[in-house]
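Throughout, protein chains are lettered first and strands after them, A, B, ... in sequence-line order, and every chain is numbered starting at 1.
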Amino acid sequence: MSYDFNTIEAKWQAYWAEHQTFKAQHNSELPKYYVLDMFPYPSGAGLHVGHPLGYIASDIYARYKRHKGFNVLHPQGYDSFGLPAEQYAIQTGQHPAITTQENIARYRQQLDKIGFSFDWSRELRTSDPNYYKWTQWIFIQLFNSWYDTDADKARAITDLEAVFASQGNARVQAVCDEDVSVFTAAEWNAMSSKEQQEILLQYRLTYLAETEVNWCPQLGTVLANDEIVNGVSERGGYPVVRKKMTQWSMRISAYAERLLQGLTTIDWTDALKESQRNWIGKSVGAQVTFSVKDADATIEVFTTRPDTIFGVSFMTLAPEHELVAQITTAAQKEEVAAYIEATAKRSERERMADVKTISGVFTGAYAEHPFTKEPIPIWIGDYVLAGYGTGAVMAVPCGDQRDYDFAKHFGIAIPNVFEGVDVAEAAFTDKEKTVIANSDFLNGLRYKKAVKTAIYELEKQGFGKGKTNYRLRDAVFSRQRYWGEPFPVYYVEGMPQMIDAAHLPIELPAIEKYLPTETGEPPLGRADQWAWDTKQHKVVGNDQIDHQTVFPLELNTMPGWAGSSFYFNRYMDPSNTAAAFSKEAVNYWKEVDLYIGGSEHATGHLLYARFWQHFLYDTGYVPVPEFAKKLINQGMILGTSAIVYRVSGTNTYVSKGLKADYEVEELRVDVNMVNASDELVLADLQQWQPQFKDAEFILEDGKYIVGREVEKMSKRWFNVVNPDGVCEQYGADSLRLYEMFLGPLEQAKPWNTAGITGVHNFLKRLWKLYHNGEAFAVTDAAPTKDDLKTLHKTIKKVEEDIENFSFNTSVSTFMIAVNELTAQKCTSKAVLEPLLVLISPYAPHIAEELWSKLGYTTSIANVDFPIFEASHLVESSKEYPISFNGKTKFTIELPLDMTKDAIEETVMAHEKTQKQLAGRTPKKVIVVLGRIINIVG
RNA sequence: GCUCAAGUGGCGGAAUUGGUAGACGCGCUGGAUUCAAAAUCCAGUUCUUUCGGGAGUGUGGGUUCGAUUCCCACCUUGAGUACCA
């Protein structure tokens, strides 16, 4: 009976579905383990072989943990709101829900063929109203919260209102808008409701504010910072401009410090933690106030080097700084205006590309040094960014290279405040070696002490204070899109009101066209039924809006990351209709133990999800502040494109080895027409595209050899390999093994279908090991010593490999084991049965089939992992290589239980050793852990 | 520029509390089987060699009896970030 993988795989996939083999138990005595993949966005193109890589790895781990006696939660779902379905809707008029539904069906079909152990009973979709009901609910919780800096956590907004009513806001320590005005309890109580709402909005964790946003005219929406790459949109590559709009924002900046600190408690890769740290961008220093001479104005600057404050010789403002117009003197007005105009014209991209050109202009105004009272010229320059810190810097040319270059360029003085350092050529930036000089009370102090002293003096004299700055900006949460979560928000007198959670979900209304309205409103502006009736608590027609009981609803929708920021918690209790998830469920499952996904989400999804989790932790809805204990980024699988060479101006194609003799153009052709030795099957090529039908070919050794190029898998390079085809031809088990065998999980690596024959042959040999011709041939014969040795070293290695996520090396281990057992003619059940359990996480279908042939009627999935017994590996003696001066000469066989001295004595007395030494006395004999012996003569 | 990761045969890659480098697979070469092919099986495959050996894990140093592994400097590649005061 041959290895009929298609039949076997279909059979067991049906079995697992029918018996719900992988359904996670709610009430279990077993310890829990939660393995999660980043859920996919179901695109129209379907899966290629790169997509399942992470899923296969997590599946192996999930199946392994099940063998190890854990109650495993391994769910899957779809991040199904998003731009592509909407773009498709704009083009075709088809409702995105239909497109999404079709894409999901295709994804599911493809996923099912690979034999994953997902608990599909917990499937969720972010675009399902039963799911986004809870996305809306969390939004309301955020709206009803503020961040108390004293308690260092989020608190209910009602607490804040109570404080305002009894003592005003002067003593409230909160993360809020910068320009909140101070008021007393009496003033608060005298305010109108609308005035109070306006103030509260400045404290809420999600708030409405006029912000400068990244507007993409082509996509008709705003984008978050992480959705922009090199100044153009990540999706589509369209230009992005700055624009002021009223938008919902998330006060993620409140959590900057906790998001930074939390990184130390989780087992994520250093690279990923590093990019989150960069993104949060903490810098510690001081805020210093400079007063402007002859003007009623002060300039706030942020500096990380308050120790160098006596080295200030000028100040620089960003061209966009609000004081520029006010302080510029009449004489300089024209020049300044020209400069501002010139910088505004330069796109973000140009400014980024051109970092070397020094430009700036003097305003004519002077500030006063807080300590020396000397005048300091105020310049503007585009190297100062309006968006960071205060948009102004105190320039210390001796201690900062950019300030130094600026000063040199414009002939500004460079006073030196460092002891024993020459600043004639460049700034001195080494903090460790800093000793301050020429600085009054800071003289002779080292960096750390000087910073402290400077801040102390600034605070004492009222010119500044110690301050920590973060680069992390609040996240814009509105999108001018249709296919996203609607906000549970309606407006009364222009102020946002939350719909009571009891009436959620607020479902997307039907609209005719998925484009912005003629007046530039978002697509929801086209809906006829988009008003909220506060009496009936339901969505009603816009014609009923009376601003008494019926009000207009929010027209924006939520961004793509909303639904993915808490889905891992929802999987714990996916069908709960009374809550996002029950206390009981989150207290049992707690957090994701292993999360696998791409590193491209480092500063997007993975940061926002941590933010929401910290917030939910503050409010007591979840028991842990970090949602994923361990995270692994799987590397991308790249395509190996095939290239043919067309002789210029002809329809003749020359084989790779001969192309040097011709002038050629490179053309990519479908990789599926090329065999393992890079030979192109010409008959297939002529079928593929009409232009090749009567093409001529210049062959080498009768073959057409293609060129190869490793690049991203993409339709346009014709290098996409589809998993369905691989499953059909070689089977899902071969696909799974091969994806793991390609190389380390976290590395990017090229796909080459040719190599799959190696693992496929292994599966055939595995099948043969359990059969003798047609008959199943496992016996009750006692295992030999060698068989047991093979089994136990395999158990040890595979267990170590899985624990270390080195799935590639255990495939090799299986191959060695099967080769050895075949050579040893092993038929013993005592060895072949546990071997199946080892292999089953990797190749579950063949393992189940052989398992059932052993006579078992239940799935192998719940069988215990075999126990490693070291005694099977112990030998009585070992061959030791003997080296002289580091060069191995011969080996000696010695018993294992010899002491170090006995080994030395035996080796020295050995005939060959004597010959080598030839009467000389060795300087040293080295015995290391009874392993290697070296004799230095 | 800064931060991080990595450089091993024709290719993907093994091997690190320092101990016989190149496991395993692909490809290639030869053989068996076959009318033939596919499939399968067996043997070989780092380079070099005058067949004794010699060289060899990006380059140059260092520590060590011994270094792919540890340390220093440099080169290259990839990823992230980018005038962050």
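Using a 4.5 Å heavy-atom threshold, the side chains of A:Thr308 and A:Cys398 count as separate. Residues A:Lys797 and A:Thr809 have side chains in contact (heavy-atom distance under 4.5 Å, counting atoms from C-beta outward). Side-chain contact between A:Val396 and A:Arg305: absent, with no pair of heavy atoms (C-beta onward) separated by less than 4.5 Å. Proximity of A:Ile839 to A:Phe762: side-chain heavy atoms (C-beta onward) are separated by under 4.5 Å at one or more points. With contacts defined as side-chain heavy-atom distances shorter than 4.5 Å, the pair A:Trp379/A:Ile412 qualifies.
Remark: the separation of the P atoms in B:C2 and B:U8 is 25 Å, to the nearest Å. Distance noted for atom C1' between B:U76 and B:U57: 16 Å (whole Å). Comparing B:A67 with B:U16, their C1' atoms sit 10 Å apart, to the nearest whole Å. Between the C1' atoms of B:G62 and B:U69, the separation comes to 15 Å (whole Å). Comparing the P positions of B:G25 and B:U40 gives a spacing of 13 Å, expressed to the nearest Å. Straight-line distance between the C1' atoms of B:U33 and B:G13: roughly 33 Å, to the nearest whole Å. B:G31 and B:A37 have their P atoms separated by 12 Å, with the value rounded to a whole Å. Going from the P atom of B:C4 to that of B:U20 covers 32 Å, rounded to whole Å.
Residue A:Tyr383 contributes atom OH, which lies 14 Å from atom P of B:C83 at whole-angstrom precision. A straight line from CD of A:Glu746 to P of B:G80 spans 16 Å, rounded to a whole angstrom. If you take CG of A:Leu472 and C1' of B:U81, they are 15 Å apart, rounded to a whole angstrom. Remark: P of B:C83 and CH2 of A:Trp379 are 22 Å apart, rounded to the nearest angstrom. The nearest whole Å value for the distance from the CZ atom in A:Phe5 to the P atom in B:A39 is 14 Å. The distance between atom CD of A:Glu320 and atom C1' of B:C84, rounded to the nearest whole Å, is 15 Å. Between the C1' atom of B:A85 and the OH atom of A:Tyr470 lies a distance of 17 Å, rounded to the nearest Å. Summarising the geometry, the separation between CG on A:Asn278 and P on B:U3 is reported as 11 Å, rounded to the nearest angstrom.
Within the 4.0 Å cut-off from OP1 or OP2 of B:C24, not a single side-chain nitrogen or oxygen of A:Thr813 is found. In this structure, A:Arg471 does not reach the B:U81 phosphate: none of its side-chain N or O atoms is under 4.0 Å from OP1 or OP2.
If you check B:A82 for Watson-Crick or wobble pairing at under 3.5 angstrom, you find it has no partner at all. Nucleotide B:G52 has no partner under the Watson-Crick or G-U criteria, as no pair reaches both atom distances under 3.5 Å. Under the Watson-Crick or G-U wobble criterion, with both distances below 3.5 Å, B:U76 is paired with B:A6. Under the Watson-Crick and G-U wobble criteria, each requiring two contacts below 3.5 Å, nucleotide B:U29 is paired to B:A43. Across every strand in view, B:G18 sits unpaired, with no contact that passes the Watson-Crick or G-U test at under 3.5 angstrom. Nucleotide B:U64 has no partner under the Watson-Crick or G-U criteria, as no pair reaches both atom distances under 3.5 Å.
Listed nucleotides B:A85, B:U40, B:A23 differ in distance to A:Asn761; the shortest reach to its side chain belongs to B:U40. Nearest nucleotide to the side chain of A:Asn819, out of B:G25, B:A85, B:A23: B:G25. Nearest to the side chain of A:Arg402, among B:A85, B:C83, B:U40, sits B:C83. In this structure, of B:U3, B:C84, B:U81, it is B:U3 that holds the atom nearest to the side chain of A:Glu274. Nearest nucleotide to the A:Leu385 side chain, out of B:A23, B:C83, B:G25: B:C83. Nearest nucleotide to the side chain of A:Ser275, out of B:C24, B:A85, B:G80: B:G80.
Here the rule is side chain to side chain contact (heavy atoms under 4.5 Å, CB included) with A:Leu737, and of A:Ile756, A:Val811, A:Ile846 only A:Val811 fits it.
Looking at A:Ser253 and A:Tyr470, their side chains never bring a donor and an acceptor atom within 3.5 Å of each other.
By the side-chain hydrogen bond (donor to acceptor under 3.5 Å, both in side chains) test, A:Tyr404 pairs with A:Lys408, sequence neighbours left out.
The glycosidic torsion of B:G44 lies more than 90° away from 0, placing the base in the anti range. For B:G18, the base adopts the anti conformation, since its glycosidic angle falls more than 90 degrees from zero.
Here the CD1-CZ distance, from A:Ile358 to A:Phe406, works out to 8.5 Å after rounding to the nearest 0.5 Å.
Looking at heavy-atom distances under 4.0 Å, A:Asp403 makes no contact with the nucleic acid at all.
Classification of A:Lys467 and A:Glu300 as a salt-bridged pair fails, no side-chain N sitting under 4.0 Å from a carboxylate O.
Comparing A:Val811 and A:Asp400 by the nucleotide of RNA chain B whose heavy atom lies nearest to each, the residue mapping closer to the 5' end is A:Val811.
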For nucleotides 11-13 of chain B, tabulate all protein N/O to nucleotide N/O atom pairs closer than 3.5 Å, reporting atom names and distance.
from: B:G12; atom 1: O2'; to: A:Leu742; atom 2: O; distance (Å): 2.4
from: B:G13; atom 1: OP1; to: A:Gln747; atom 2: OE1; distance (Å): 3.1

